[in-house]
Amino acid sequence: MNVEAKETMNVEAGQKIKFYQTGTLTVGNRLLDEDLRTVQASEERSNAITSGHRACQGCGEALGARYALDAAMRAANGKIIAVNATGCLEVFSTPYPETSWTLPWLHSLFGNAASVASGVAAALRRLGKADIRVVAQGGDGGTTDIGFACLSGMFERNDDVLYLCYDNQGYMNTGVQRSSATPPTARTATTPAVGTAPGNIFGTGKDVPRIAMAHGIPYVATASVADLHDLERKVTNAMQVRGARYIHILVPCPLGWGTVTNATIRVARLATESGLFPLFEAEHGEIVASSPIRRAVPVEDYLKIQSRFAHLFRPTRDDAHLAALQAIADKNIQRYNLLRNDHGNDARKEAA
Amino acid sequence: MKTPIQLTPPKGPVELTLPKARQIEGSRAIAEAVGLCRPQVICAYPITPQTHIVEELSAMVKTGELMDCEFINVESEFAALSVAIGASAAGARAYTATSSQGLLYMAEAVYNASGMQLPIVMTLGNRAIGAPINIWNDHSDAMALRDAGWVLLFAETNQEAIDLHLQAFRLAEELSTPVMVCVDGFILTHAYEEVELPTPEAVDRWLPKFQPRQVLDPAEPITMGALVGPESFSEVRYLAHRKQLRALERIPELSAEFNATFGRNSGGILRTYKTEGAETIVLAMGSINGTIEDAIDELRRNGHAIGAVILTTFRPFPYASVAAALKNASQAIVVEKSLTAGMGGPLAADVTLALANTSTPVYSVIAGLGGRPIPQASLESIFERARDRELPETTFLDLHWDAVNQAITKELSWTPHT
Amino acid sequence: MNKPFATTLDVGSSLANHTGSWRTERPVYVDRMPPCNQACPAGENTQDWLYHAEEGNYRTAWESIVRDNPFPAIMGRACYHPCETSCNRGSLDAAVNIHAVERFLGDRAIALGWNIASSEERSGKKVLVVGAGPSGLSAAYHLTLLGHEVTVVEAGAAPGGMMRFGIPAYRLPRTIIDAEIARIVALGVTIRLNEPVEDIPALLEREGFDAAFVAIGAHLAKRVDIPAPDAGKILDAIGVLRELETGESMPRIGRRVIVYGGGNTALDVARSVRRLGEEAIVVYRRTRDKMPAHEFEVSEALEEGVQFHWLRTVTHMTGESITVEKMTLGPDGFPRGTGEYETIEGDALILALGQNVDTHVLDSIPGVEHSADGVVKVGPNMMTGHKGIFAGGDMVPSERTLTVAIGHGKKAARNIDAYLRGIPYVPKVKPALASFERLNTWYYSDAGKTVQPVLEDVRRRSTFEEVVGGLDETNALFEARRCLSCGNCFECDNCFGVCPDNAVIKLPDSAAIERSDSAGSPHSAPFAIDYDYCKGCGVCAAECPCGAIEMVPEEI
Ligand SMILES: Cc1cc2nc3c(=O)[nH]c(=O)nc-3n(C[C@H](O)[C@H](O)[C@H](O)COP(=O)(O)OP(=O)(O)OC[C@H]3O[C@@H](n4cnc5c(N)ncnc54)[C@H](O)[C@@H]3O)c2cc1C
Ligand SMILES: Cc1ncc(C[n+]2csc(CCOP(=O)(O)OP(=O)(O)O)c2C)c(N)n1
Ligand code: SF4
Ligand code: SF4
Ligand SMILES: [Mg+2]
């Protein structure tokens, strides 16, 4: 190509057209302004968790952790200390003599990540290093169950910690047992798909993001590996605030959910698009934003690609339970007003 | 008169004017001693009889008497020690205190702190463990976690409690290992005794600024708390063992240095009391030694060749020192405030092991469980029976046999419903 | 730091653990065939030039087009754009308005005087092209680029063939034709006008040509016998259109003109008649949806006031009216007479029933064969039965469109080149199709029908001369960016982002770097897989919006 002769777009037209094929739905997009691309699009991302870890193929937790921590690292100019609860993330990342972490990282116990992080934050404050920020992270089990008291204490004291819960809806590291984040009807090793109400029981479980909100802490959000821009924005938002912050991230587990290894992001997307995993943000106990569903799907679309729900379809269709699960989604849709039509990925808005 | 403690250590030589002795509560004394060590993060959860210590500390932080320190009220002992773990790993001097149920509630973190070699100092106000719930003193709590990899020091008096805390921070940070200072609940924690507290300047010279072995720092990131598999776990454990053995060497040295600095002989592995020529030597830990010493004085007056070993360092267990201290005795009596049901006295078991290469018999006296008073007279009568070679292997001091026998009879008569 | 043994580790040490050994499938970057590209009869690399246009690199985009087709401005107006019919975006919301972007680029090239440079290397071979229609001109253009000396001999007074003498000016302004042909001439092609060729072998012999490409089109209007006792005025569509183009003072055709036929030509002539200020009535024997004319032609004609009588055949004509028989459609879709008749007022009848090839020029050439319907048979290499004489465009069996004709010209040029060099022509192996199922359409912004009205507006505003207006730069960019980049990496960074094992590497942004997967097959994606760490989960392939990553089983 003749470079001198290259006829490029006139700046004005280029500026007018804010529409770039995929807008902000993909990780990057060469046509997007640098600052609209994700942290993940950049070769400069910190790779807080680097290659060579032993997570299963297609592990959503490995992905979610890198997404969240890299965003936090960018927001804090690389000054992050991470505290990690016991669980897959910890186990697959740090078998001696190899660690995948590139940031200062500490694992203490299964149930105390929030408290240890409080201690780190207290020390930093005392040592005059408050520019270093603290992130605590754990699986749903380490967060919503065994670590719950420590978490609540950290919230209640409003300690300067960002807590990231990687929710894969079960105790995966110990072989897929039920946690309080396991959805109803899901088959786990301790909620087998047998009996009249196979899988996890309806009416159990807890909604930790809402419980976090009840503490009145400055920031609570849900996020998903299926929406990277949203996730990074939320982590960045959280990092702008001091005090206790909580982000609950859906991270599908191919092993525990019984999905093919390449479906990790797709199944997370369907969780959100079906209404089963609403994405929202809350400040000081009040919801301030939610992400509307972009392409609504029935819960069945989400359920049927996961073998942990196989008993809902085979040998006979369990219409009653399918309807009950749909009702959960419908309730979320109503509660968070998810079916309004103002998602940010519409060219009309981007072109404007 | 509360003098605020400044964080910056004084420069140049300082006059060591010995402060006047003061009559204060043990908990207050411990709190002030801890304060002199300039902890940066204190976290605690209340439990009797530890409460007064942390109440005093919280007040000291709040009033500014103790500066540059975070006092964090947490929701459990598990969180308390966890906060200390985080603070220590981030390079802060961290302290906590607990008792009894609280120690058990934090048990997992107790092992974790030592496994990660974090130099946390913790005061244990010794108390019985339920059920039945009981708030009074014995050593069941310390015994329950005696193998958690911490250095365990027992104070005989409140003065020693003060001194042991000063030594504990030095030892912990020099070796990078957690240290627990055990003080008998109520008997020491709530007792008003005359104590001397050193000046801040003196403590600052004794205890240099905390220089962590490993620290979470973005400038030099590390991974702490890795998963270690069978290929290296034994080595990790062996190194922990070696560190404890090293502590055994360092503890007497520090005690000597402490003596030279503050003019007081406290701490160390053990102390002997009138053991020269003693046929019978009584060994015990903690505040009961005061009573034992009085009993010995009395018996000595009656010509009984009896002495005592006051054991300060219980973990690491000083087998050689114990054996040496008991080497000339023809029998040893271990008086201890704990009972391993189905086994007997755990301290006696350790002492027995220390004397394994000798023919010296070890008698176990279980006393003071759940706060039962240990009268000097009862001890004297036990020691006299020992002199007369009438002591059974294990004695339960002042046990109400009628109550026990009734319960046994009742239990034996129980038959299952058919 | 004097770190404790084993429990405290140096960061990043897991890089020593090569998890690539877990893999049973490997992701491989591929360039697939986008459906638009596959559908383009001229073989334009549509997705490629849209890619450059998206970035605003219009010159690069235009250069990509003219590698295959010398007429972007014409294509952007008159091509029936089968690319858009097969465009994957059509299954999402609405096909990319490919032709509009192409027109934008073509017009820009004309406005800015962009030219094409021919290769310096000359073969010394001479090629004769008979007919300066799109096919002949395309062949001449490509042959020149390939280094041969080309002379086009044309019977008519101006080059362009049916582009000029068939397609009305309101669809294709003559300035555009002139400009794009001028560029071909500037390349070094000689065009001789007003010179009907009668004896091709003799011309070859006389002027020392080494080969010939014949593209004389199909110009003989098909006729049906319609009784017209009162000497009603019966004309043929091609003749009328040619007359419109050449005749300075065109005689009035009629007041109410009946056009008989349902193809594009019928509509062109009807709409031309409207522009002359007369009434135009199209009579067609089948239904609207069965008309061979494109739907846009029908609807634009309706908008312009052309009347339609569907399911009618003309049986009779007087000076004032025609008689038609009503038809019904049989189950086979063919019309059947009902025996019912009606009359339609009209004073002229234009037959638009298709064209035949005037084969007489070829009849005497030994070896040249014709099919039953008169077209000339050619082999897969476009050569007639006579060695060295090739043919293409409307005169050979195939669809009769500009783009097919241009594609024939290109294909023939490559074969003639091989023939002249005495080597076999081996076409490139086409990659597998980037079908809709291969895409992950979640990632594309919603930009469907909502943008169309903007385009419609532009159209509506500019119906004065040319019915359909061009896009301004903003709209052209927008349209280009609607392209899904089917089967070809467009650097959205998804793979780079979604890999749970950080096993995707960005390659340096340099053309010098040869991009290939480890199997060695080249690809255009500026990424590579780090097979040391890739566990083969396939998330990158699943989340690639455009299907440019393929999972290939590992040989274990
Ligand atoms: C009214 C009408 C509208 C159309 N609209 C479209 C459209 O919108 N889009 C589209 O894609 N297609 C359209 N077509 C079809 C398209 O024009 C033809 O398919 C295309 O032009 C064929 O190109 P060609 O080069 O094979 O023949 P032509 O375009 O017919 O060119 C043949 C040339 O050869 C010359 N010639 C003939 N005999 C001799 C000879 N003996 N010696 C020298 N020269 C000779 C002729 O004068 C002519 O210039 C339309 C056709 C018609 C009739
Ligand atoms: C006190 C304690 N109880 C139980 C365990 C065993 N354990 C380790 S990881 C784990 C499950 C972790 O589940 P979760 O927190 O959801 O993380 P995941 O592995 O699913 O990512 C369990 C039960 C433990 N390590 N410590
Ligand atoms: S079990 Fe699930 S969460 Fe754990 S590493 Fe495997 S995929 Fe990830
Ligand atoms: S979306 Fe783009 S690449 Fe795909 S068929 Fe349409 S124009 Fe071609
Ligand atoms: Mg989990």
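By convention in this document, chain letters (A, B, ...) are assigned in the order of the sequence lines, proteins followed by strands, and residues within each chain are numbered from 1.
Panel note: side chain A/Thr99, backbone C/Val11; no donor-acceptor pair is recorded below 3.5 Å. A distance-only check finds a donor-acceptor pair linking the side chain of A/His53 to the backbone of C/Pro500 [under 3.5 Å]. The main-chain N or O of A/Gly52 is never found under 3.5 Å from a side-chain atom of C/Thr19 such that the two would form a donor-acceptor pair.
Closest approach of A/Gly23 and C/Ser445 over heavy atoms only: N-OG, 3.2 Å.
One distance of note links CZ of A/Arg66 with SG of C/Cys499; it measures 6.5 Å at 0.5 Å rounding. Within the model, atoms CG of A/Leu25 and SG of C/Cys492 stand 10.5 Å from one another, a figure rounded to the nearest 0.5 Å. Atom OG1 of C/Thr8 sits about 10.5 Å away from atom CH2 of A/Trp105, to the nearest 0.5 Å. Of the inter-residue distances, the one linking A/Trp101 atom CH2 with C/Ser13 atom OG reads 12.5 Å to the nearest 0.5 angstrom. With values rounded to the nearest 0.5 angstrom, C/Glu491 atom CD is found 13.0 Å from A/Leu32 atom CG. Rounded to the nearest 0.5 angstrom, A/Thr102 OG1 and C/Asp10 CG are separated by 13.0 Å.
Looking at C/Phe5, only its side chain comes within 4.5 Å of chain A, counting heavy atoms on both sides. Heavy atoms closer than 4.5 Å to chain C are found nowhere in A/Glu61, neither backbone nor side chain. Looking at C/Asn440, only its side chain comes within 4.5 Å of chain A, counting heavy atoms on both sides. Proximity to chain C (any heavy atom under 4.5 Å) is shown, for A/Ser93, by neither the backbone nor the side chain. Proximity to chain C is absent for every atom of A/Leu106, based on heavy atoms less than 4.5 angstrom apart.
Counting heavy atoms from C-beta outward, A/Thr26 and C/Pro545 have side chains that approach closer than 4.5 Å. For the pair A/Ile265/C/Val498, a side-chain contact is recorded, criterion being any heavy-atom separation below 4.5 Å from C-beta on. In this structure the side chain of C/Arg23 never reaches within 4.5 angstrom of the side chain of A/Gln57, judged on heavy atoms. At least one side-chain heavy atom of C/Phe490 sits less than 4.5 Å from a side-chain heavy atom of A/Thr22. Here the side chains of C/Phe496 and A/Val27 are not in contact, with every heavy-atom distance at 4.5 Å or above. A 4.5 Å side-chain heavy-atom check between C/Asp493 and A/Asn29 finds every atom pair outside the cut-off. When side chains are defined from C-beta on, A/Glu98 does not count as touching C/Leu9, because their heavy atoms never get closer than 4.5 Å. Between C/Lys535 and A/Arg54, every side-chain heavy-atom pair lies at or beyond the 4.5 Å cut-off.
Between chain C and the options A/Ser100, A/Ala62, A/Ala263, the largest number of non-hydrogen pairs under 4.5 Å is found for A/Ser100. Comparing A/Gly58, A/Gly28, A/Ser51 by heavy-atom pairs within less than 4.5 Å of chain C, the highest count is held by A/Ser51. When each of C/Ala541, C/Gly538, C/Cys540 is checked for heavy-atom pairs under 4.5 Å with chain A, C/Gly538 comes out on top.
Geometrically, A/Arg294 engages C/Trp442 in a cation-pi contact, judged by NZ or CZ lying under 6.0 Å from the ring centre and within 45° of the ring axis.
Using a cut-off of 4.0 Å between Lys/Arg side-chain N and Asp/Glu carboxylate O, A/Arg266 and C/Glu543 are scored as not salt-bridged.
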